[in-house]
Amino acid sequence: MMNCKQATQLLSEKLDRPLNRKEKISLGIHTTMCVPCRQFGLQMEELRDISKSYVNKKTDSEK
Amino acid sequence: MIDATLSSDMNGSPSADIFHDAVFMEDLRGQMIKFAQLQVRDSQLAEDAVQEAMISAYKNIDRFGRKSAFKTWVFSILKNKVIDLLRKEKRHTAVSQLEDGSNLNGDELLDTLFKDNGHWNKHERPQKWDQPEHGVENEHFWRVFDVCLNGLPDKYARLFMMREFLEMDTTEICHTEELTVSNLNVTLYRARLRLRECLEDNWYQKG
């Protein structure tokens, strides 16, 4: 059974490489049951969006 | 077959006026320098890159009617220049020579966040991030984000920015920085852990 430390690492790596089938399944099971890790996963994606806005902000901040 | 797009592009283009707007230009230059310096260690090189991007922008100024379009474009030039510089810089400072940095970055941070069995420590569990407009328009959020970014050890910050700001792919980052894929992935994981923690502590849980 995957623990939170392992789950969070996969939730980060998901942004950098496609996970394999086995990883997807164990991660899916873990996040279904674990609210904090589910939050963490959303926040990883949020972090990516924030970074995009950060770069774009520099191109779009005159108001 | 009438090409209407071309003629409409030419209408009402203030073009070179942009360069005469001192406030806009000064502001833009400041942002560009900051962007470049975050990623290129040598600040002279960073300034040179900004200079070059400005010059090629000036040469093509007629193509840009709106300031925002101009800005997007000049930053994309800068971004490419920064990537070039990072490739060249490789010879001087590969990321492998940088320190991990101290204060809760590597294993220490992991030990704080997780119990021995690998599950979250109760008070470290990620909380829902409410959106008190972290939006682009919120200057305060971006100040917090800057502080968190600057708080990352050099190695983390550099790899994170290569991935998220410059959108370089894994093969290229590993090649430029002489890293293995798993090394890169672990470092990105730790950078994100730390950034997440910093944003949660200083922005989302505030007030």
Side-chain angles (χ1 to χ4, degrees), chain A, chain B residues 23-24 27-28 31-32 34-35 67-76 78-79 110 113-115 117-120 124-129 131 134-137 139 141-142 145-146 149 160-161 163-167 169-170 181-182 184-186 188-193 195-196 199-200 204:
Chain A
M1 179 58 199
M2 177 179 282
N3 65 34
C4 299
K5 198 165 161 179
Q6 295 160 333
T8 53
Q9 177 152 1
L10 281 185
L11 286 164
S12 165
E13 290 197 15
K14 212 171 109 179
L15 300 177
D16 303 313
R17 66 177 176 89
L19 301 184
N20 66 38
R21 199 164 156 270
K22 212 175 134 200
E23 289 169 331
K24 276 185 198 162
I25 294 172
S26 4
L27 186 60
I29 295 172
H30 183 96
T31 50
T32 306
M33 298 182 308
C34 178
V35 179
C37 284
R38 205 151 66 227
Q39 276 315 331
F40 185 90
L42 292 175
Q43 290 164 0
M44 288 298 99
E45 284 165 26
E46 178 94 17
L47 216 45
R48 171 152 286 178
D49 291 343
I50 291 171
S51 303
K52 282 220 167 70
S53 312
Y54 184 80
V55 177
N56 290 331
K57 164 182 87 96
K58 306 205 168 270
T59 70
D60 197 29
S61 69
E62 89 269 19
K63 289 229 169 80
Chain B
V23 176
F24 171 75
D27 194 38
L28 178 61
Q31 290 174 14
M32 289 171 75
K34 200 173 144 218
F35 179 81
K67 283 178 182 173
S68 57
F70 171 72
K71 223 167 169 180
T72 306
W73 185 72
V74 86
F75 263 93
S76 71
L78 180 61
K79 196 166 129 175
L110 288 171
L113 296 177
F114 300 103
K115 295 184 287 197
N117 65 8
H119 290 282
W120 288 102
E124 297 290 352
R125 286 179 192 156
Q127 303 296 312
K128 188 173 190 314
W129 282 359
Q131 306 299 334
H134 84 63
V136 181
E137 64 285 346
E139 278 308 311
F141 172 78
W142 293 116
F145 188 72
D146 271 340
L149 205 55
F160 180 82
M161 290 189 286
R163 158 66 91 244
E164 303 294 347
F165 294 176
L166 302 176
E167 297 175 43
D169 66 27
T170 297
V181 173
S182 68
L184 172 64
N185 288 343
V186 168
L188 287 173
Y189 167 56
R190 291 181 172 191
R192 291 182 183 124
L193 264 186
L195 261 183
R196 195 209 71 81
L199 288 178
E200 187 157 294
Y204 291 102

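In what follows, chains are A, B, ... by sequence order, proteins preceding strands, each numbered from 1.
Counting heavy-atom pairs under 4.5 Å between each of A:Met44, A:Gln39, A:Gln43, A:Arg48 and chain B puts A:Gln43 at the top. Among A:Leu42, A:Leu15, A:Leu11, the residue with the largest count of heavy-atom pairs under 4.5 Å with chain B is A:Leu15. Options B:Lys128, B:Lys115, B:Glu124 differ in how many heavy-atom pairs under 4.5 Å they form with chain A, and the most are formed by B:Lys128. When each of B:Arg125, B:Lys79, B:Met161, B:Glu167 is scored by its heavy-atom pairs under 4.5 Å with chain A, the top score falls to B:Arg125.
Here B:Leu149 contributes atom CG and A:Ile50 contributes atom CD1; the two are 11.5 Å apart, rounded to the nearest 0.5 Å. Expressed to the nearest 0.5 Å, how far NZ of A:Lys5 lies from OH of B:Tyr189 amounts to 7.5 Å. Rounded to the nearest 0.5 angstrom, A:Gln9 CD and B:Asn185 CG are separated by 8.0 Å. Here A:Asn3 contributes atom CG and B:Phe114 contributes atom CZ; the two are 8.0 Å apart, rounded to the nearest 0.5 Å.
Sequence neighbours left out, the pairs with a member in residues 12-21 of chain A that pass salt bridge (charged side-chain N to carboxylate O under 4.0 Å, His left out) are A:Glu13-A:Arg17, A:Asp16-B:Arg163, A:Asp16-B:Arg192, A:Arg17-A:Glu23.
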**Report entry** Test log, rule side chain to side chain contact (heavy atoms under 4.5 Å, CB included), inputs B:Arg196 and A:Glu46
**Finding:** CA-CA 10 Å; B:Arg196 195 209 71 81; A:Glu46 178 94 17; over 6 Å; no

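Residue B:Asp169 does not touch chain A at all, counting heavy-atom pairs closer than 4.5 Å. Interface remark: B:Phe165 contributes backbone and side-chain atoms alike to the contact with chain A (heavy atom separation under 4.5 Å).
Classified by interplanar angle (parallel below 30°, tilted 30° to 60°, perpendicular above 60°), the ring pair B:Trp120/A:Phe40 is tilted. By the 30° and 60° cut-offs, the orientation of the rings of B:Trp142 relative to A:Tyr54 is tilted.
Within the 4.5 Å cutoff, side-chain heavy atoms of A:Leu47 are placed close to those of B:Leu199.
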